[in-house]
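One structure is given below, encoded as structure tokens.
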Protein chains: 2
Amino acid sequence: MKQRINVVLREEPQEQRVIVAGWVRTRRDTGTFSFLEVNDGSCLANLQVIADSSLANYEEEIKRLNTGCSVIVTGVAKKSPAKGQNVEVHADTIEVVGWADPENYPLQKKRHSFEFLREISHLRPRTNALGAVARVRSRLAWAINSFFQERGFFQVHTPIITTSDCEGAGEMFQVTTAREAGAAKGTHEEFFGRKAGLTVSGQLQAEVYALALGNVYTFGPTFRAENSNTSRHLAEFWMIEPEMAFCDLACNMELATDMLKYVLSDVVENCSEDMALFDSFIEKGLLAKLRSVIEKDFAHLTYTEAVDKLIASKKKFEFPVKWGIDLQSEHERYLCEELFGCPLIVTDYPATIKPFYMRVNDDGKTVAAMDILVPGIGEIVGGSQREERYEVLERRMLEAGIELEEYRWYLDLRKYGSVPHAGYGLGFERLVQFVTGMANIREVIPFPRTPGFAPC
Amino acid sequence: MKQRINVVLREEPQEQRVIVAGWVRTRRDTGTFSFLEVNDGSCLANLQVIADSSLANYEEEIKRLNTGCSVIVTGVAKKSPAKGQNVEVHADTIEVVGWADPENYPLQKKRHSFEFLREISHLRPRTNALGAVARVRSRLAWAINSFFQERGFFQVHTPIITTSDCEGAGEMFQVTTAREAGAAKGTHEEFFGRKAGLTVSGQLQAEVYALALGNVYTFGPTFRAENSNTSRHLAEFWMIEPEMAFCDLACNMELATDMLKYVLSDVVENCSEDMALFDSFIEKGLLAKLRSVIEKDFAHLTYTEAVDKLIASKKKFEFPVKWGIDLQSEHERYLCEELFGCPLIVTDYPATIKPFYMRVNDDGKTVAAMDILVPGIGEIVGGSQREERYEVLERRMLEAGIELEEYRWYLDLRKYGSVPHAGYGLGFERLVQFVTGMANIREVIPFPRTPGFAPC
């Protein structure tokens, strides 16, 4: 029975027979045997396999093995005398399953730049760093699901193709069929009978389910057709959007804080080997940073207080600060990294810079919005209490130039059994960046989509 | 501290104080008090609340409460003398949070047709049946994640926007930007620099990760631009696609069987209240059907044996049977429902009716494909061992008229460290239909997308 290498490595070696299958990372020969480092992707560590020259295919095959070849090894697990490893396997047989011509195989033993690896996105998960990112990403997804399921939230799959949010959103991708593309727009040829696009957020539809089931969350892809070629933007990315009935801004802040601490604790505990790699080679001090976020209280101040502090700092910002502006990255970084040195929740932004669905505060000027800022990343969570008052929402929609007829369903939620409710969005790739320390967002999603780039 | 109704109902009532928040389902008045049935979506059952006429807002508000109004109740949980419930709450205060004008609110006490409810997809999760579907769907998603995570699989988010699979697939949605739509195709205006569409499957990209991490799975949306207005088709649906390195067809069959039994057991055990509703009102005998699938071995026969049995049956089929045809729904139903009366795995289909990536068997005529058929649904799982031999794959691609240049990355997986590997796709909505007994697939996804229909 084949075993995964992470299992073999953590079991006490007692001369038990094992079968493992994986890819050769390196081969080193001595006079009478060879050392093979074999990796199967179950963990960062390789399994050391000792191939004696008495093996039948030693000269013909084993001595030709190089990086990338696939093998099936049967042998005996023994205590390793080598430093830094507990187990090694003495092979009885090594079957070569697939070769990898060293003249052509792009992944050689040397270190490759992330830019280079992006060009071979079909091979890059075979490297240490990108393999570790993939494992940590998977664990983070699982931790997020666990967090919400343990709290009785229901997962809702909101639609990807949508006819909402179309108003004035030039950054939305459009969805058509080949037949349509050839025909005039607005004709009966349209597959859905009207213009449809790719969702920018599942929030509005998640509200539908929150007002039926209470506490729900989405975990799905969202899209922006923005022509932004930066290390922080993707055309396609994943979002988590919880939405809670009978919940106000304070309850929303509490949930988001608990969630962040929960998933960070989980990954620090359960991905220690991969996390140590990031801490050593990607971002020095990463683990200390994450532990501090887990342990410390998050700071909280209102937008108005934030603006006061920015002005009081007398710092020269590229974008001058006054009440009413949207906070820029430089402002967020100053507050979060220099002034507080910890995650920061900024609430109650001016209504004029926030969307129509955020609840208007009693001052009439601000809305019950919240952004959570973390060091190095900036905004990782953005949320709000939603406007639950029919008349106020209708007025805000009209002010925003929204066609009410298209959003009757959304207004209905305020007409029939309306309740205070709130929610937020967590950009999943931003979270993976924060956890792994990867500088470019293109490294933390398996197949990044950016302007001019969608190779498969 | 507010509690969810499912928690209040399962705790022993010991005169403890509770606060619950939810929506009124019904009100019934006696001389001196009213019974309110309150639901908060945490479970199917309502909580019975007793509102005494001595409450301050009894005449003015409580006696005006009707279906759909939202309330916050504080009171004392007591043992209920009524049949069929253990707990009731005697209210100290009932705050009316939101009204629902009975003249206009579309959801009244009577039963509504599923067709009618589809027209109000923003309100339908507030009904018993659709609420139960949403809870069961969420649990199934969780069970699937649990199954794979427990077995050390990594979740991979394969891309939604893709430039693969474009070849000859007229059923693919195209993705463009508003600017592009106005410009000529094939110019530099294209956002991704080339034609892009919505994925029909994450398999090819999942193979990339299986050949790096070993065992992976996807859980994401997939799309078909087919003009099929049936009870079995959606333009947007969710798929689960595991992919395993060093795995053949037998190992693939075993995993799919284990997965189906695992998730069915999980939902029967953990959603018993909702499942009882489906068993009583949607599909009589549903639970017995599911238990039989959990307990019985799945039958297994090859395509060739299936064809022999269909011919031997001497039944008159609409589509006559001979070796080489694709099995139609009527054939699958006969085999699965009449002949075997249990789930059925059919393997080794003719190469000519299956895609290029399936592994060619030694007979040269068939491929290592498998379909799992279940009673009432037909195909619920479709998978195969993948062609891992470079030359054979290249030949199959050329035969299928595929532009090799576009798939160099896919061929590379066979060039460098190729290994036998296999995987399958599970249509998530088909699974939810099978589990809930819902006849139309539009009822098992929150916001169905079908030709001419994407209202929000």
Side-chain angles (χ1 to χ4, degrees), chain A residues 4 21 23 40-42 68-70 97-98 100 105 122 125-126 131 134-135 138 141-142 145 149 152 154-157 159-161 163-164 170 173-178 181 191-193 196 205 208-209 212-214 221 225 236 238 246 409 412 416-419 446-447 449 451-452 454 456, chain B residues 4 21 23 40-42 68-70 97-98 100 105 122 125-126 131 134-135 138 141-142 145 149 152 154-157 159-161 163-164 170 173-178 181 191-193 196 205 208-209 212-214 221 225 236 238 246 409 412 416-419 446-447 449 451-452 454 456:
Chain A
R4 301 280 281 157
W23 293 268
D40 69 358
S42 63
C69 294
S70 46
V97 179
Y105 188 47
H122 62 299
R126 302 178 181 197
R135 283 186 294 270
S138 173
W142 173 241
N145 278 310
Q149 295 280 346
F154 300 105
Q155 186 175 2
V156 175
H157 295 99
I160 311 304
I161 299 175
T163 53
S164 298
F173 284 108
Q174 291 188 19
V175 174
T176 56
T177 58
F191 187 90
F192 295 107
Q205 290 97 345
V208 165
Y209 273 75
L213 303 186
E236 172 179 316
W238 288 68
F246 299 101
W409 63 274
D412 270 2
Y416 305 121
S418 187
V419 305
F447 299 91
R449 269 72 184 99
C456 65
Chain B
R4 300 280 281 157
W23 292 268
D40 70 357
S42 63
C69 294
S70 46
V97 179
Y105 189 47
H122 62 299
R126 303 177 181 198
R135 283 185 295 270
S138 172
W142 174 242
N145 279 310
Q149 295 279 345
F154 301 104
Q155 186 176 1
V156 175
H157 295 99
I160 312 304
I161 299 174
T163 53
S164 299
F173 285 108
Q174 293 190 16
V175 174
T176 56
T177 59
F191 188 91
F192 296 106
Q205 290 97 346
V208 165
Y209 273 75
L213 303 186
E236 172 180 317
W238 288 68
F246 299 100
W409 63 273
D412 269 3
Y416 306 120
S418 187
V419 304
F447 299 91
R449 270 72 183 100
C456 65

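In what follows, every chain begins at residue 1, and chains take the letters A, B, ... in the order their sequences are listed.
Contacts between A:D40 and chain B at a heavy-atom distance below 4.5 Å involve the backbone alone (N, CA, C, O). Proximity to chain A is limited to the side chain of B:W238, based on heavy atoms less than 4.5 angstrom apart. When heavy atoms are compared at a cutoff of 4.5 Å, B:R135 approaches chain A by way of both its backbone and its side chain. Within the 4.5 angstrom heavy-atom criterion, atoms from both the backbone and the side chain of B:A21 approach chain A.
Aromatic ring centroids of B:F192 and A:F173 lie under 6.0 Å apart.
Across B:A134 and A:Y209, no two heavy atoms sit closer than the pair CB-CE2, 3.8 Å. A:C456 and B:Q205 get closest at one heavy-atom pair: C-NE2, 3.6 Å. A:G417 and B:A100 make their closest contact through N-CB, 3.9 Å (heavy atoms, listed as atom of the first residue, atom of the second, distance).
Contacts with chain B were tallied for A:V156, A:D412, A:I161, A:V419; A:I161 has the most, counting heavy-atom pairs under 4.5 Å. By number of non-hydrogen pairs under 4.5 angstrom with chain B, the leading residue of A:G131, A:S418, A:G152, A:A141 is A:S418. Listed options B:G68, B:C69, B:P125 were ranked by heavy-atom pairs under 4.5 angstrom with chain A; first place goes to B:P125.
Remark: B:W142 CH2 to A:W142 CH2 distance equals 3.5 Å, nearest 0.5 Å.
The backbone N or O of A:I160 sits less than 3.5 Å from a side-chain atom of B:E236, completing a donor-acceptor pair. Although no hydrogens or angles enter the test, the distance criterion places a donor-acceptor pair under 3.5 Å between the side chain of A:T163 and the main chain of B:A454. A distance-only check finds no donor-acceptor pair linking the side chain of B:T177 to the backbone of A:A225 [under 3.5 Å]. Side chain of B:S138 to main chain of A:F154: no donor-acceptor pair is present (N/O by atom type, distance under 3.5 Å, no hydrogens or angles).
Between A:F246 and B:W23, the ring-plane angle classifies as tilted under the 30° and 60° cut-offs. Ring orientation note: the planes of A:Y416 and B:Y105 are tilted relative to one another, at an angle of 30° to 60°.
Residues B:P446 and A:P159 fail the side-chain proximity criterion, which asks for heavy atoms closer than 4.5 Å. Using a 4.5 Å heavy-atom threshold, the side chains of B:V175 and A:Q174 count as separate.
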